[in-house]
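Just so we're on the same page: letters track the sequence lines, and every chain starts at 1. These numbers were taken from a predicted model, which means no experiment stands behind them.
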There are 2 protein chains.
Amino acid sequence: MSAPARQSTPKGTQTAAKVRAAALKLFARNGYAAVSMREVAQNVGVQPGALYNHFATKQDILKDLMLAHMADLISAWEREAANKSSGADPLDTFVRFHIRYHLEKRDEVFVSYMELRNLEPDNYQQVGAERRRYETILTDILSAGAKSGRYQVKDAKVATRAIIAMLTGIPSWYQPGGALDPTEIENLYAALVQRSVGSAANANTIGERVS
Amino acid sequence: MSAPARQSTPKGTQTAAKVRAAALKLFARNGYAAVSMREVAQNVGVQPGALYNHFATKQDILKDLMLAHMADLISAWEREAANKSSGADPLDTFVRFHIRYHLEKRDEVFVSYMELRNLEPDNYQQVGAERRRYETILTDILSAGAKSGRYQVKDAKVATRAIIAMLTGIPSWYQPGGALDPTEIENLYAALVQRSVGSAANANTIGERVS
DNA sequence: GATAAATAAATGAACGTTCATTCATATTCA
DNA sequence: TGAATATGAATGAACGTTCATTTATTTATC
């Protein structure tokens with residue numbers, strides 16, 4: 001009898017995915033340098049040597065995680081931007097997207113900006129390029145808004161860095177079940193950002209719309 | 001003839017200071033976990049064993065650096081606040097102080113917030129307490145401003161974290177000799193912060209005062 | 001002020017452990 | 001049968017730390 005279509009084993013990727021998941025969790029919790037391949041293997045439920053059937057080196061796991069994160073972040077934004085009605089304020093859309101994404105993928109985000117220094121030069125370049133690609137999204141929004149007179153931004157690049165730093169700091173203190181839920185955080189930060197770029201009317205609207 | 005006052009050897013602290021300086025530089029550049037005691041010793045110009053005459057463990061060096069940084073940061077603020085005329089806007093004073101200090105002591109700052117995870121629990125507690133003490137300074141400024149109606153801040157604690165994250169991100173992209181000098185950065189960020197808390201009039205004044 | 005005793009700091013080799021990675025062999029699966 | 005994957009032991013290097021010993025410096029004594 002033909003095998004009962006047991007889900008057709010999606011590729012040899014099954015164990016590699018477990019390795020990624022275990023490494024991500026451990027790197028996020030203890031830092032890349034402090035995590036041993038033995039620990040990763042134990043979390044996967046396998047002997048250390050088996051890891052090398054899926055990744056050539058420990059560094060390759062880190063590179064894989066970081067590049068995958070950047071690709072996912074950028075494509076998630078592209079979906080978000082495509083689905084938004086053209087009437088929505090793009091800065092508001094971006095801020096809320098960034099916060100939501102960063103609170104959903106805490107480990108990926110944390111590893112991706114804490115472990116930059118542990119990337120070998122070549123991998124560092126690659127990740128840095130993706131990072132700049134993402135930041136350019138916000139810079140373009142701010143530049144367009146400044147040109148149209150909607151925002152008062154003297155230097156769109158500086159404002160980009162300021163806003164991204166502000167938003168990216170959120171996961172470092174956010175606790176699920178804490179005093180603020182993600183939507184409240186979105187509202188507070190959206191108001192702060194709108195005002196910071198001189199869009200006061202918008203800030204009030206947005207700041208209140210949840211009350 | 002009496003020895004020519006050869007500077008009276010200021011204490012046994014001389015080498016310990018060199019250890020601190022070397023460890024700070026190396027931890028900032030490569031990360032605590034990636035730096036070996038042998039590297040530190042080599043940078044001091046001494047054999048590895050000699051380090052243990054000054055610090056009991058590698059962890060003790062990190063703890064020492066981080067606590068010293070927090071103490072220095074807080075006492076620098078206290079001097080700053082004491083010397084300011086009472087007419088100055090306290091938020092503006094704080095923002096400019098924070099930026100200036102963080103650009104001057106880049107290594108200390110970088111180590112102090114990147115290596116938190118490498119502190120053993122007891123040391124982590126101590127450093128965390130100092131950190132909260134510093135953040136409270138800004139929270140108090142914002143709360144007072146909100147009460148007086150000068151600022152529109154819905155949640156002073158959230159605004160504190162947002163502003164500090166925004167400012168603390170500066171050293172990660174600032175380059176001495178780059179397009180912006182520290183004073184220009186101060187001005188741009190002071191404007192962003194003032195506006196973010198709804199103090200628009202102030203933002204304009206400050207944003208322009210350098211042009 | 002010289003000399004001896006006491007203290008502090010540095011040496012250089014070694015300790016036991018852990019690290020990332022390799023590899024011959026076995027197992028699993030298509 | 002052949003290819004992919006896992007095992008488990010081994011490799012050599014690097015790690016933080018220790019320690020008996022030597023070298024410098026400070027303190028006490030005359």
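- Map A/Glu39 and B/Pro48 each onto its nearest nucleotide of DNA chain C; the residue landing nearer the 5' end is B/Pro48.
- Out of C/dA9, D/dT17, C/dT21, the shortest distance to the side chain of B/Thr15 is found at C/dA9.
- Paired with A/Leu62 under the rule side chain to side chain contact (heavy atoms under 4.5 Å, CB included), one option of A/Asn118, A/Thr57, A/Val127 passes, and it is A/Asn118.
- Under a cutoff of 6.0 Å and an axis angle of 45°, A/Lys84 and A/Phe94 do not form a cation-pi pair.
- The base of C/dA8 has none of its N or O atoms less than 3.5 Å from a complementary donor or acceptor on the side chain of B/Asn53.
- Contacts of A/Val44 with the nucleic acid, taken as non-hydrogen atoms under 4.0 Å apart, are absent.
- Within the nucleic acid shown, B/Val40 has no heavy atom closer than 4.0 Å to any nucleic acid atom.
- Look at A/His54 and you won't find any side-chain N or O under 4.0 angstrom from OP1 or OP2 of D/dA4.
- OP1 or OP2 of C/dC19 has at least one side-chain nitrogen or oxygen of A/Ser36 nearer than 4.0 Å.
- In this structure a side-chain-to-backbone donor-acceptor pair under 3.5 Å is missing from B/Glu115 to B/Phe110.
- If you check distances only, the side chain of A/Arg38 does reach the base of C/dA20 with a donor-acceptor pair under 3.5 Å.
- Taking the six-membered ring for Trp and the full ring otherwise, the centers of A/Phe97 and A/Trp77 sit less than 6.0 Å from each other.
- Atoms CG (B/Asn118) and C1' (D/dG16) sit 15 Å apart, rounded to a whole Å.
- Each of A/Ala34 and A/Ala56 was matched to the nucleotide of DNA chain C holding its nearest heavy atom; the match closer to the 5' end belongs to A/Ala34.
- Taking side-chain N and O atoms only, A/Gln47 has a distance below 4.0 Å to OP1 or OP2 of D/dG8.
- Mapping A/Leu51 and B/Val35 onto DNA chain D by nearest heavy atom places A/Leu51 closer to the 5' end of the strand.
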